[in-house]
Amino acid sequence: MSGAEAVTRDKSSSTTKTPSDFLKSIRGRPVVVKLNSGVDYRGILACLDGYMNIAMEQTEEYVNGQLKNKYGDAFIRGNNGEILELNSHLPMK
């Protein structure tokens with residue numbers, strides 16, 4: 001099943017959500033982006049486009065679980081990312 005065909009069901013209601021709906025719903029929330037290289041970026045999701053390019057705010061770079069750098073804003077090209085996940089350990093804006 002391709003990303004365009006994937007559909008999820010919201011457990012709290014009977015509505016159906018597309019991946020696009022989900023991505024819109026997490027904008028402004030804390031996320032972790034894991035790169036193919038193994039580096040993690042943690043911050044607030046500012047925006048995301050159809051190519052999975054990611055703009056983040058209050059971004060921190062982690063290598064082997066250790067904080068290496070802090071950036072105000074960061075842009076991650078979509079083909080570098082491996083996983084985008086919500087991070088419930090970071091405070092929301």
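Residue indices begin at 1 and follow the sequence shown.
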Where Thr59 and Ala74 come nearest, the two heavy atoms and their spacing: OG1-CB, 3.6 Å
N/O donor-acceptor pair under 3.5 Å between Asn64 side chain and Gln66 backbone: no
Gap separating the CG atom of Leu67 from the CZ atom of Arg42, nearest 0.5 angstrom: 8.5 Å
Check: Asn79 main-chain N/O paired with Asn36 side-chain donor or acceptor under 3.5 Å: yes
Verdict with reasoning, Ile76 to Tyr41, per side-chain contact (heavy atoms from CB on, under 4.5 Å): CA-CA 9 Å; Ile76 300 172; Tyr41 289 90; 3.9 Å; yes
Residues Tyr62, Lys68; criterion side-chain contact (heavy atoms from CB on, under 4.5 Å); working and verdict: CA-CA 6 Å; Tyr62 287 82; Lys68 293 295 179 182; over 6 Å; no
Rounded distance (nearest 0.5 Å) linking atom CE of Met56 with atom SG of Cys47: 11.5 Å
Short side-chain to backbone donor-acceptor contact, Asn53 and Gly78, under 3.5 Å: yes
Beyond-backbone contact of Asp73 with Glu57, side-chain heavy atoms, under 4.5 angstrom: yes
same_hphob_cluster(Val31, Val63) at 4.5 Å side-chain heavy-atom cutoff: yes
Any donor-acceptor N or O pair under 3.5 Å, side chains Glu61, Tyr71: yes
Rounded distance (nearest 0.5 Å) linking atom CD1 of Ile26 with atom CG of Leu48: 7.0 Å
Derivation of the side-chain contact (heavy atoms from CB on, under 4.5 Å) call for Asp40 and Lys34: CA-CA 5 Å; Asp40 294 355; Lys34 297 183 180 194; 3.3 Å; yes
